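Below, read A as the first sequence line, B as the second, and so on, with proteins coming before strands; counting in each chain starts at 1. Everything numeric in this text was worked out from a predicted model, so none of it was measured.
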Protein chains: 2
Amino acid sequence: MAAERTISGPCRAWPQDSVFIREVLDRIGDKWSVLVISTLGAAPLRYSDLMASVPGISQRMLTVTLKGLERDGLLTRTAFPEVPPRVVYELTDLGRSLLSAVMALASWAAVHHGEVAENRRVHDDVGVGRRKAG
Amino acid sequence: MAAERTISGPCRAWPQDSVFIREVLDRIGDKWSVLVISTLGAAPLRYSDLMASVPGISQRMLTVTLKGLERDGLLTRTAFPEVPPRVVYELTDLGRSLLSAVMALASWAAVHHGEVAENRRVHDDVGVGRRKAG
DNA sequence: CAGAATCCCCACGGATACTG
DNA sequence: CAGTATCCGTGGGGATTCTG
């Protein structure tokens, strides 16, 4: 008899992979983390440069995001004891390795976002069509 | 020449890539989408099987997530006109292509989640250390 | 079995004001 | 310049109940 209809556990092909996926998504699934990581992927930047380079981010969220990423060792914070103060953020090797994986997602999006948009349009049109036809 | 200190625009190395990244994250950055996609990556499943295979998801969120993914053409919904009803969800080619990119993230997590956890612990210890040392 | 509908909490994140 | 502190609206998502 064996398996064939044994789903039982959390999942089949990815035992605790689901846990890992959730961990990563809890980390970079927020609104700003990957934007910050991507921006720092090009070059180390100071706080004010990040504010300018990540359009729409608020001071609060930039700070919160940076602290979170620093906590996980994805970037380093270097404060120079000058006046006026200067603080530079830079990706760690770990952060850069994550950037690669994120870029894979970005590539997927670049290739398929049009298709997704089209699917969405068609799907929504069917919806209104049913209402008119019904 | 020139440049070197020209950050100006949104970002440098990824003009509208940031837009694409945000699109993907708005799609899969939620709490359940990638779990559902990953689960369906192993095999097509019916609604109740998904409930069992994605631990912790509620009926509401499974339905909402499935509808969103179907809308974007990442999976198909097939309802068999039987009683009791039977509905099977299956990834489309588009969904499977996204699964590949998601798996890249999962791999990163599988390799580095320990390192991240360690960084986090060290960082937090320094925090309490400062409080005790201060 | 496979949802739809409703209620409601709370934490993510924006705006603003203040500080070393 | 590089933050911190506070207030507060919005919506993501959980629990529960009802239906075809």
Between atom [atom1] in [X] and atom [atom2] in [N], what is the gap in whole Å?
X: B/Trp32; N: D/dG13; atom1: CH2; atom2: P; result: 9 Å
X: B/Arg27; N: D/dG12; atom1: CZ; atom2: C1'; result: 13 Å
X: B/Lys31; N: D/dA15; atom1: NZ; atom2: C1'; result: 13 Å
X: A/Leu45; N: D/dA2; atom1: CG; atom2: P; result: 11 Å
X: B/Leu35; N: D/dG13; atom1: CG; atom2: C1'; result: 14 Å
X: A/Met61; N: D/dC8; atom1: CE; atom2: P; result: 19 Å
X: B/Leu62; N: D/dG14; atom1: CG; atom2: P; result: 11 Å
X: A/Leu50; N: D/dG3; atom1: CG; atom2: C1'; result: 13 Å

| message | How long is the straight-line distance from CD of B/Glu115 back to CG of A/Leu94, given to the nearest 0.5 Å? | response | 4.5 Å
| query | How many angstroms lie between atom CG of B/Asp30 and atom CG of A/Leu25, to the nearest 0.5 angstrom? | reply | 8.0 Å
| request: Produce a footprint string for nucleotides 1-7 of chain C: one letter per nucleotide, 5' end first; B if the base is under 4.0 Å from any protein heavy atom, S if only the sugar-phosphate is, - if neither. | output: BSBB-B-
| task | Output yes when a side-chain donor or acceptor of B/Arg96 lies under 3.5 Å from a complementary backbone atom of B/Leu91, and no otherwise. | result | yes
| message | Looking at A/Gly29, is its backbone amide N or carbonyl O close enough to the side chain of A/Ser33 to form a donor-acceptor pair, meaning the two atoms are under 3.5 Å apart? | response | no
| query | Is a salt bridge present between B/Glu70 and B/Lys67, judged by a nitrogen-to-oxygen distance below 4.0 Å? | reply | no
| said: Are the side chains of B/Leu66 and B/Arg77 in contact, using a 4.5 Å heavy-atom criterion? | reply: no
